[in-house]
Structure formats: structure tokens, C-alpha cells
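Presented below is the structure to which this report refers.
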2 protein chains.
Amino acid sequence: MNFTNPVHFAKALADDTRQKIMNLVCCQWLSVNEIVEQLNVTQPTVSHHLAILRETELVNTREAGKQTFYSLNQERVAYCCGQLMIKFAPDMTTIDPIE
Amino acid sequence: MNFTNPVHFAKALADDTRQKIMNLVCCQWLSVNEIVEQLNVTQPTVSHHLAILRETELVNTREAGKQTFYSLNQERVAYCCGQLMIKFAPDMTTIDPIE
DNA sequence: ATGACAAATAGACAATTATCTATATGGAAA
DNA sequence: TTTCCATATAGATAATTGTCTATTTGTCAT
């Protein structure tokens, strides 16, 4: 798994539609159309957001015939959150010494 | 400590200048001018970014005479990262049962 | 009071981004 | 191979956001 720039990670999450998509595919594989059906945006808009999530490797992809299925890459979310913590909450990630 | 919308949290982090500021004040109190000195942007730009970080409660503020000091609110970063994990990496946050 | 300094706010402008419609691509079925 | 369907891409437009200069606000020292 590659390093992700924390700014890129934050940008990927910094949109309501994108977070809704992430929520939808959090624990299941959904086709693009199934995602479109649950949101009030067009299919190209969903594809656009999926492309951004793909670039940041925040989603897994599975081709099946003419459909493409997406699911959230929870490992990557966890890893990137961990990177944020290390960078911006270092004092919360060190082990407290026993006094 | 109040709840922060994960989209707002991500938006606050979704800028390079803002992350640089967060890094600078991560483990120390700095005045606005001290921050300006370390970045290639103007004082109003820094104030603008600090306002955004303040609104998300990602920084602590301390007034001292005519100066205002800022430091990173690490607790809040940790809390918001935790919220992200719960929302987008739930399978990584549950305790593995012993088989 | 007055002058000097630090930080915040206002307003303008440029860059980025989210959305749309239209179209292209590529697989499956007929 | 021709048609149909799912998804991706292109290009246009509107909204959002980051940055700047100019100005205001507020505090300290004289």
C-alpha cells in the first residue's frame, strides 16, 4: 500500500456527495448505477467522484461483465486516518509512561 | 466537546497552507506573525485560515496583549479522526473475537 | 489622547471544483 | 456484426474557495 499525501486524503473526503458514496459502499459492493439510484446526482457526476476515490485508492473495484462494482477500502481509510493522527495528534498516539 | 461534521473536518484539512499551519502549531503556541514569518503568504491569508481552523475548533487560542497565540487542538484532531474511522472503517475498529 | 503595532475583516479576483449535457468506449446479447 | 446497456470521458458552466490589497479594530506605550 502506497503513501497518500494527507492533503490529498482530506480533499478526497471534503465533499458531501463523496462521503455519501463512501457510506453507501462502506460494507458492500455496489454497481455505479446502484449508487446513482440512491443519490440525487447524475451518473457522470457519480463516475467523476468515483474516479477521485479511485485515485486516492479509497475504493476497491471489481469488473463484472458490463458492470463495475465498488466497495470502500476500509484499510486505506484506517491507514490514512492513522497518518493524520501521527502528524496532527502525536501527543495522543504516544504511550503514556507509568509515573 | 461538540460533534464536528466529518465533511467540515475534511474541508478544514483539505488545503496545503492550512496543513502547514497545523504542523507549525502542532506542539507549540505561535503568534499570527510567527506563523506568517514561516509561510509564503500574507498576514490576512493566515488570519483567514486560522478563522477556518477556529470554527472547526482545530486550534486553541490564547490572547496576550496585542498578540494572539494559536496551538493545535490535538484532542479534537484525534476525536475527529476517530469519528472518521467509526464511519468509514467500522470493520477495523471492532474487536476481533478469538476463534 | 496619540502613535505604533498585531490581528481581523471587507472586498476583489483568480483558481479550483462540482455539476450538468453530450458523447465515447467497451462488453453482452441478439 | 449490430444493437443495447453500463460506465467513463469531454467540455461547458456555476459555485466555492484561496489569495491578495486596503481598511478596521483593539491593545499597549508614550
Side-chain angles (χ1 to χ4, degrees), chain A residues 4-25 28-73 80 88, chain B residues 4-25 28-73 80 88:
Chain A
T4 297
N5 179 330
V7 175
H8 294 163
F9 174 61
K11 278 180 191 279
L13 295 182
D15 180 79
D16 188 52
T17 302
R18 234 149 30 229
Q19 286 209 10
K20 280 183 183 149
I21 291 172
M22 289 174 70
N23 231 21
L24 285 171
V25 299
Q28 62 186 335
W29 290 89
L30 289 181
S31 70
V32 177
N33 253 316
E34 287 171 321
I35 296 168
V36 171
E37 281 164 17
Q38 310 220 31
L39 300 172
N40 284 326
V41 291
T42 63
Q43 175 268 312
T45 295
V46 169
S47 269
H48 165 73
H49 288 301
L50 287 171
I52 290 167
L53 295 174
R54 249 187 283 123
E55 282 156 24
T56 331
E57 294 176 67
L58 287 170
V59 287
N60 304 117
T61 301
R62 208 181 61 199
E63 313 261 334
K66 39 184 176 180
Q67 291 179 301
T68 307
F69 288 84
Y70 286 88
S71 76
L72 189 63
N73 186 345
C80 290
F88 297 121
Chain B
T4 295
N5 179 330
V7 176
H8 294 163
F9 173 61
K11 277 180 192 278
L13 294 182
D15 180 79
D16 188 52
T17 302
R18 241 160 10 240
Q19 286 208 10
K20 280 182 184 148
I21 291 172
M22 290 173 70
N23 231 20
L24 285 171
V25 299
Q28 62 185 337
W29 289 91
L30 290 182
S31 69
V32 176
N33 253 316
E34 288 171 321
I35 296 167
V36 171
E37 280 164 18
Q38 311 220 32
L39 300 171
N40 283 327
V41 292
T42 64
Q43 174 268 312
T45 295
V46 170
S47 270
H48 165 73
H49 288 302
L50 287 170
I52 290 167
L53 295 173
R54 250 187 284 123
E55 281 157 25
T56 331
E57 294 176 68
L58 287 170
V59 286
N60 304 118
T61 300
R62 209 181 60 198
E63 314 261 333
K66 37 185 177 181
Q67 290 178 303
T68 308
F69 289 84
Y70 286 88
S71 75
L72 189 63
N73 185 345
C80 290
F88 297 121

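Within every chain, numbering begins at 1; the chains are lettered A, B, ... in the order of the sequence lines, protein sequences first and strands thereafter. Below, all heavy atoms of this structure are taken into account, side chains as well, without hydrogens, waters or symmetry copies.
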Point to revise | With Arg62(B) via side-chain hydrogen bond (donor to acceptor under 3.5 Å, both in side chains) - residues at least two apart | key: none
Point to revise | N/O (side chain, Tyr70(B)) to phosphate O (OP1/OP2, dA6(C)) under 4.0 Å | key: no
Exercise for review: Taking Thr68(B) for its side chain and Ala64(B) for its backbone only, find out whether a donor-acceptor pair lies under 3.5 Å.
Suggested key: no
Exercise for review: Work out how much the helix from dA1(C)-dT30(D) to dA30(C)-dT1(D) bends between its end axes, five pairs an end, to the nearest 10 degrees.
Suggested key: 20°
Check your understanding: Roughly how many Å is it from CD in Glu37(B) to C1' in dA7(C), rounded to a whole number?
Key -> 14 Å
Review point. With sugar-phosphate meaning primed atoms plus P, OP1 and OP2, does Thr68(A) contact a base, only sugar-phosphate, or nothing at under 4.0 Å between heavy atoms?
Key: sugar-phosphate
Exercise for review: Scan for salt bridge (Lys or Arg N to Asp or Glu O under 4.0 Å) pairs involving residues 12-24 of chain A, sequence neighbours excluded, and state none if there are none.
Suggested key: Asp16(A)-Lys20(A)
Study note, to complete from the structure: In the 5' to 3' direction, the nucleotides of DNA chain D bounding the stretch that comes under 4.0 Å of a heavy atom in chain A are dC5(D) to dT9(D)
Review point. Once you round it to whole Å, what is the distance between P of dA7(C) and CG of Leu50(B)?
Key: 10 Å
Review point. Roughly how far, to the nearest 0.5 Å, is NE2 of His8(A) from OG1 of Thr56(A)?
Key: 8.5 Å
Check your understanding: Any donor and acceptor pair, going by atom type alone, linking the side chain of Gln19(A) with main-chain N or O of Leu13(A) inside 3.5 Å?
Key -> yes
Practice item. Apply side-chain contact (heavy atoms from CB on, under 4.5 Å) to the pair Val36(B) and Thr42(B), showing each step before the final yes or no. Key: CA-CA 7 Å; Val36(B) 171; Thr42(B) 64; over 6 Å; no
Practice item. Using a heavy-atom cut-off of under 4.0 Å over every strand shown, decide if Phe69(A) touches base, sugar-phosphate, or nothing. Key: nothing
**Study point:** Gln28(B) side chain to Leu24(B) backbone, donor-acceptor under 3.5 Å
**Key:** yes
**Study point:** Nearest-Å distance for atom pair CG/C1', residues Leu53(B) and dA8(C)
**Key:** 15 Å
Check your understanding: Taking only residues two or more places apart in sequence, or in another chain, which ones meet Ser31(B) in a side-chain hydrogen bond (donor to acceptor under 3.5 Å, both in side chains)?
Key -> Glu34(B)
Review point. Along nucleotides 17-30 of chain C, 5' to 3', which nucleotides get a B, which get an S, and which get a -, given that the test is a protein heavy-atom distance under 4.0 Å?
Key: SSBBBB----SS--
**Study point:** Expected output: side-chain Asn73(B) to main-chain Asn60(B) donor-acceptor under 3.5 Å
**Key:** no
Practice item. Calculate, to the nearest 0.5 Å, the distance between atoms SG and CD belonging to Cys80(A) and Glu57(A) respectively. Key: 8.5 Å
Review point. Looking at CD of Glu37(A) and CG of Leu30(A), how far apart are the two atoms once the value is rounded to the nearest 0.5 Å?
Key: 9.5 Å
